[in-house]
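In what follows, a structure is listed as structure tokens, so that the remarks can point back to it.
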Amino acid sequence: MVAGELVQEHLRADTGAPDDITVGRKSPELEGAAERYADPKYEAAPTGGAGEADTDPALEQEQEKEAPPDEREAMLPNGGGGEAEEEEGKKLETKLYRRRFAVLTVFSLYSLVNAFQWIQYSIITNVFTRYYGVTNDKVDWLSIVYMVAYVPLIFPATWLLDRRGLRLTALLGAGLNCVGAWLKCASVNPELFGVTVTAQVICSVAQVFILGLPSRIASVWFGPREVSTACATAVLGNQLGTAIGFLLPPVLVPNTPDDIELMGHNISIMFYGTAAVSTGLFILTVIVIKDRPTLPPSQAQAVLPDTPPEDYSYKQSILNLIKNKAFVLLLISYGIMTGSFYSVSTLLNQMIMACYENQELNAGRIGLTLVVAGMVGSILCGLWLDHTKTYKMTTLIVYTLSFLGMVVFTFTLDLNNIYLVFFTAGVLGFFMTGYLPLGFEFGVEITYPESEGTSSGLLNAFAQIFGIIFTLIQGQLTTNYSPLAGNLFLCAWIFLGIVLTALIKSELKRHNVNMGADSSHLQALPTECPGDNPSEKKANGVKLEPTVSFSTETSL
């Protein structure tokens with residue numbers, strides 16, 4: 001995420017607690033100081049407390065004389081917008097602001113509207129095929145376009161998030177969402193299917209500036225004991241939008257195949273209502289959302305600068321993530337699970353209609369049940385992570401239960417019992433949708449200090465890729481054979497995801513920075529430039545030296 005910073009944790013020989021966190025910036029003036037501190041007698045210098053080593057006054061005088069006037073500023077980070085305490089031996093200042101709840105609420109609401117616009121076509125596929133005179137697969141593409149647009153655009157979007165900050169990215173997401181909603185209002189005509197496709201493409205571009213923000217908002221605005229819950233809440237807004245997208249369209253636009261004019265009137269009511277809400281939320285985004293608070297919320301944020309330095313390389317950040325084996329395994333497993341959820345959501349109407357005739361309204365209600373149960377699962381998982389920090393174990397358990405839920409849903413779908421489908425869909429949604437924020441937070445933990453937006457963006461990109469593939473293949477299997485064939489296809493892939501999740505080596509880097517700061521003092525020491533020690537792990541200018549003080553979860 002940033003260049004030229006060093007975050008190290010050592011183990012104190014006398015207490016067994018993590019030693020001081022060492023932070024430094026790369027600059028030519030510090031190279032000489034780095035060589036002096038490379039001497040063993042200066043390593044792990046204590047900053048206070050019982051047993052503090054005596055220092056040589058002559059040595060201190062020599063160091064002060066050789067250090068340039070601005071060396072103190074070069075060695076101490078600005079704390080993500082705050083100021084480090086100048087008194088040696090004290091932690092960087094952090095603070096939580098009430099504004100964080102307003103930021104989270106506004107983001108969740110416009111993310112909700114964007115998700116609503118994603119699913120509003122698919123859940124009443126038969127209505128739109130009749131109104132526009134098109135086939136099912138063309139209406140399916142109104143959902144798939146969200147996934148197609150995300151993959152190539154996520155890289156410039158995350159670059160923009162890293163270089164220009166949270167506010168501009170949020171404004172683009174809310175603004176494009178508003179523009180797409182108003183353009184849909186102009187597409188209410190049986191001859192204007194191309195206009196509604198264009199509007200949906202604009203909304204899909206808006207999604208690119210939305211899906212990667214939950215972990216960034218949680219990290220820069222919320223404290224270490226609430227970050228996972230905040231991330232889950234931000235993701236919950238998107239899930240709630242999907243739930244409303246399942247519920248409202250069948251109610252607002254009932255199937256009236258013999259009265260096309262009435263059908264168009266009902267569609268326009270849905271579109272104009274969405275546009276009005278989108279406009280209000282865009283205005284709130286302009287007023288409420290800022291890049292970051294004045295002071296950082298946690299030590300993990302305090303040791304990172306508020307803006308990327310000049311030598312920051314977005315390409316190098318991507319390469320570092322790809323070289324991280326644990327993150328690559330998470331990419332694939334997250335893509336499989338989330339892609340399966342996208343596929344089931346897109347094709348739910350067709351699956352229900354294939355097994356139960358004239359049940360458009362219940363198809364929407366089943367989708368609502370699936371997502372609402374997932375929202376409950378998301379919040380519970382976020383609270384559990386904040387309490388236990390067992391990222392891998394929680395992710396693996398939820399993944400396994402999602403697989404079992406998918407198997408049960410698959411074999412009970414065609415038993416001619418619609419109420420049983422409600423129950424099985426609720427169980428499936430509780431675990432499958434509840435998994436989404438787990439992947440975000442797990443990714444941030446194992447890739448810290450790389451940008452949260454970059455890791456989340458890659459996770460979402462893989463989710464979209466798998467979503468496109470799964471939707472197209474499952475759609476063909478459902479149409480040509482049966483919903484059973486399509487669902488079995490997903491079950492096989494989810495089982496593979498369990499195996500990949502079990503192979504992930506969990507190293508909680510962000511958590512250990514926060515824990516180390518809580519149990520020791522912060523001290524700024526000069527450090528060598530990245531690249532001077534090729535054997536050390538580097539993260540785009542930030543060197544991490546995992547030692548025995550880094551917590552890891554037991555691998556299965």
Side-chain angles (χ1 to χ4, degrees), residues 1 81 99-100 102-118 120 142 145-186 197-221 230-231 234-235 237-238 240-242 274-293 306-308 312 314 317-318 440 451-461 463-464:
M1 177 179 180
R99 189 189 187 99
R100 69 190 189 278
V103 171
L104 182 63
T105 299
V106 171
F107 168 78
S108 298
L109 288 176
Y110 78 74
S111 177
L112 178 155
V113 176
N114 184 259
F116 173 83
Q117 296 195 83
W118 164 56
Q120 67 182 162
L142 292 174
V145 70
Y146 262 58
M147 310 174 202
V148 173
Y150 192 91
V151 177
L153 294 178
I154 184 55
F155 298 105
T158 53
W159 178 88
L160 185 70
L161 177 61
D162 288 342
R163 302 298 297 188
R164 301 299 299 273
L166 175 64
R167 177 174 170 82
L168 178 61
T169 307
L171 289 175
L172 284 172
L176 290 173
N177 199 48
C178 180
V179 171
W182 281 108
L183 187 57
K184 287 182 181 181
C185 298
V197 169
T198 303
Q200 190 72 340
V201 170
I202 294 175
C203 292
S204 69
V205 174
Q207 176 213 211
V208 179
F209 300 99
I210 295 174
L211 287 188
L213 295 189
S215 57
R216 169 60 68 91
I217 291 174
S219 294
V220 302
W221 281 95
C231 182
V235 174
N238 199 268
L240 181 59
T242 304
T274 304
V277 174
S278 298
T279 303
L281 290 173
F282 174 70
I283 295 173
L284 286 176
T285 302
V286 174
I287 297 172
V288 172
I289 294 186
K290 294 171 57 179
D291 284 331
R292 59 181 66 242
D306 54 350
T307 57
Y312 169 77
Y314 178 71
S317 181
I318 295 290
F440 278 151
S451 168
E452 303 91 348
T454 305
S455 61
S456 298
L458 284 176
L459 287 171
N460 279 319
Q464 309 302 326

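Predicted model, so just to flag it, every value in this text is computed and none were measured.
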query: Between Q464 (side chain) and V151 (backbone), is there a donor-acceptor pair under 3.5 Å?
result: no
Close side-chain approach of Y150 to N460, heavy-atom, < 4.5 Å: yes
Check: R167 main-chain N/O paired with D291 side-chain donor or acceptor under 3.5 Å: yes
message: Is it the case that the side chain of T158 and the backbone of F155 share a donor-acceptor pair, with hydrogens and angles ignored and the cut-off at 3.5 Å?
response: yes
message: Is it the case that the side chain of S111 and the backbone of F107 share a donor-acceptor pair, with hydrogens and angles ignored and the cut-off at 3.5 Å?
response: no
query: Does L161 reach the side chain of L213, with side-chain heavy atoms less than 4.5 Å apart?
result: yes
message: With rounding to the nearest 0.5 angstrom, report the CD to CG distance, Q120 to L142.
response: 9.5 Å
message: When you compare the side chain of W221 with that of L166, does any pair of heavy atoms fall below 4.5 Å?
response: yes
- prompt: With distance as the sole test, does N177 use its side chain to make a donor-acceptor pair with the main-chain N or O of Q207 at under 3.5 Å?
  reply: no
task: Provide the closest heavy-atom pair for L104 versus A230 in the form atom of the first, atom of the second, distance.
output: CD1-O, 3.6 Å
Results of ring pair (Phe, Tyr, Trp, His ring centres under 6.0 Å) for F209 - residues two or more places apart only: none
task: Could you tell me whether the side chain of S204 and the main chain of V201 form a donor-acceptor pair under 3.5 Å?
output: yes
Pairwise side-chain contact, Y110 with N238, heavy-atom cut-off 4.5 Å (strictly under): no
- prompt: Do R99 side-chain atoms and V288 backbone N/O form a donor-acceptor pair below 3.5 Å?
  reply: yes
message: Can you see whether S278 engages W182 through a side-chain donor-acceptor pair at a distance of less than 3.5 angstrom?
response: no
